[in-house]
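For reference, the structure discussed in these notes is given below.
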Amino acid sequence: MQTATAVNAIYRDKRRRVWELDFLRGVAVIAMLVDHLMYDFAALDGWLSNFFKVNNPFITFMNEFAEEYWYSTFRGIAHPIFVFLFLFLVGTSCALSRDNVKRGSLLSIVALAFTGVTMILREMGIMTYGVVFGILDCIALSILIAAAVDIATKRVKWLNIALPLVLGVIILSFGIANRFWYTHDKWEYVFHADHLTSYIMGARAYGDDWFGVFPWVGMVLVGMYWGKAVYGTRISLLPMLDGAWNKPFKFVGRHALIFYIAHQVLLTGLVMLLCLCLGYEIGF
């Protein structure tokens with residue numbers, strides 16, 4: 001009984017953080033920032049009406065480099081790896097959270113608002129597609145599913161640990177077997193309201209940012225299992241490696257949601273401001 005009490009106290013100590021989880025989350029977020037920055041530079045020739053007339057050497061180089069990166073084999077391999085890492089760590093955080101219902105509900109509100117804004121921008125012609133079921137929606141739903149699993153199995157310890165793994169593997173396997181992760185042949189360029197369920201499930205794809213339930217939610221649930229099985233007491237597996245060298249990554253990892261919500265506006269704004277200063281004009 002004394003040991004259980006001690007473990008419970010550690011588990012509920014919100015100040016105790018596992019450094020490698022924050023670090024890896026930070027790495028995934030920074031990789032996402034670089035990826036989206038490359039998208040901005042790759043799209044400049046379509047965003048700037050006098051792109052070829054000004055022909056600034058630096059902007060032209062970045063546009064060509066970003067286009068090459070965007071369609072490279074490297075990105076084709078690295079992108080799903082970092083997406084998996086990010087969603088896996090979302091699941092690990094679910095295992096360590098005391099209130100996934102609150103977290104999931106609040107994020108759902110943010111995700112719906114984000115979707116609403118992007119669809120309005122689509123109607124205004126500023127965005128091509130908008131976001132129907134993006135990464136925020138996927139994470140919010142995953143957290144709520146994690147909360148439901150916890151509530152349903154809280155009285156059976158082994159089931160509480162094992163069920164996320166079982167469900168995660170099933171969702172991953174079904175999604176991959178049906179090629180829901182490979183959506184080029186299922187992509188729709190026109191939004192159809194009657195296909196909304198298919199967009200959410202992953203059978204069809206639409207939007208500038210798309211992450212259907214199959215297989216992506218499965219990655220979160222597998223991460224939840226890992227968090228319960230390995231980090232239930234919030235103790236680092238690599239305490240000797242922690243130090244000042246990883247502080248920037250940990251900072252980003254601890255504030256991943258803020259970086260995700262704010263980064264695209266800030267990055268795109270800075271890129272466009274730079275271009276305006278160099279004599280370019282915005283025009284689609």
Side-chain angles (χ1 to χ4, degrees), residues 23-90 114 118 121-122 126-131 134-136 138-139 176 179-187 189 205-212 215-216 219 246 248-249 251-253 256-284:
F23 171 78
L24 290 173
R25 192 182 299 109
V27 170
V29 170
I30 291 172
M32 175 197 66
L33 298 182
V34 173
D35 191 68
H36 287 184
L37 180 62
M38 290 298 100
Y39 173 82
D40 288 344
F41 275 111
L44 286 180
D45 53 352
W47 290 351
L48 304 172
S49 58
N50 60 344
F51 178 83
F52 296 102
K53 182 178 179 180
V54 175
N55 196 28
N56 177 275
F58 173 73
I59 297 299
T60 300
F61 168 78
M62 288 303 301
N63 174 255
E64 295 175 350
F65 176 81
E67 286 184 346
E68 184 175 347
Y69 158 81
W70 196 257
Y71 297 105
S72 67
T73 301
F74 171 78
R75 184 184 185 274
I77 296 173
H79 183 259
I81 292 175
F82 282 108
V83 169
F84 172 80
L85 176 62
F86 185 71
L87 292 175
F88 182 87
L89 292 171
V90 167
F114 189 78
T118 62
L121 293 177
R122 184 198 69 160
I126 298 176
M127 292 188 70
T128 305
Y129 303 110
V131 176
I135 189 69
L136 291 180
C138 177
I139 293 174
I176 293 174
R179 294 176 64 80
F180 284 4
W181 61 277
Y182 186 81
T183 57
H184 296 295
D185 54 344
K186 301 181 178 71
W187 198 275
Y189 295 91
Y206 175 85
D208 291 306
D209 179 41
W210 172 86
F211 287 88
W216 306 108
M219 298 178 183
N246 58 37
F249 295 95
F251 176 81
V252 175
L257 179 59
I258 296 175
F259 274 93
Y260 181 84
I261 294 174
H263 84 279
Q264 195 60 71
V265 174
L266 293 176
L267 287 180
T268 303
L270 290 173
V271 170
M272 298 306 283
L273 179 61
L274 173 63
C275 290
L276 290 174
C277 292
L278 293 174
Y280 288 95
E281 297 176 359
I282 300 175
F284 299 91

How long is the span from the CZ atom in Phe86 to the CG atom in Leu24, to the nearest 0.5 Å?
12.5 Å
Checking Phe84 now: which residues fulfil ring pair (Phe, Tyr, Trp, His ring centres under 6.0 Å) with it, not counting sequence neighbours?
Phe88
Go through the structure and list residues passing ring pair (Phe, Tyr, Trp, His ring centres under 6.0 Å) with Tyr129, not counting sequence neighbours.
Tyr206
Applying side-chain contact (heavy atoms from CB on, under 4.5 Å) to Glu68 and not counting sequence neighbours gives none
Which value, rounded to the nearest 0.5 Å, describes the distance between Phe259 atom CZ and Leu33 atom CG?
7.5 Å
Less than 4.5 Å apart, any side-chain heavy atom of Met272 and any of Leu48?
yes
Qualifying salt bridge (charged side-chain N to carboxylate O under 4.0 Å, His left out) pairs, either residue in residues 38-60, two or more places apart:
none
List the residues meeting side-chain contact (heavy atoms from CB on, under 4.5 Å) with Val83, not counting sequence neighbours, and say none if there are none.
His79, Leu87, Phe211, Trp216
Test side chain to side chain contact (heavy atoms under 4.5 Å, CB included) on Thr268 and Trp47; report intermediate values, then the result.
CA-CA 11 Å; Thr268 303; Trp47 290 351; 4.0 Å; yes
Closest approach of Ala42 and Ala66, non-hydrogen atoms and distance?
N-CB, 3.5 Å
Are any non-hydrogen side-chain atoms of Leu85 and Leu89 less than 4.5 angstrom apart?
yes
Could I get the full list of side-chain hydrogen bond (donor to acceptor under 3.5 Å, both in side chains) partners for Asp35, not counting sequence neighbours?
Tyr69, Arg75
Can you list the residues that meet the side-chain hydrogen bond (donor to acceptor under 3.5 Å, both in side chains) rule with Tyr260, with sequence neighbours excluded?
Asp209
How many angstroms lie between atom CD1 of Ile258 and atom NE2 of His263, to the nearest 0.5 angstrom?
14.0 Å
Correct closest heavy-atom pair for Val54 and Gly279 would be CG2-O, 3.6 Å
All side-chain contact (heavy atoms from CB on, under 4.5 Å) counterparts of Phe114, not counting sequence neighbours
Thr118, Val131, Leu136
Going by heavy atoms in the side chains, are Met38 and Met62 under 4.5 Å from each other?
yes
side-chain contact (heavy atoms from CB on, under 4.5 Å) involving Ile59 - partner list, sequence neighbours excluded
Phe41, Leu44, Phe51, Asn56, Leu274, Cys275, Leu278, Tyr280
Separation between NE2 (His36) and OH (Tyr39), nearest 0.5 Å, reads 9.5 Å
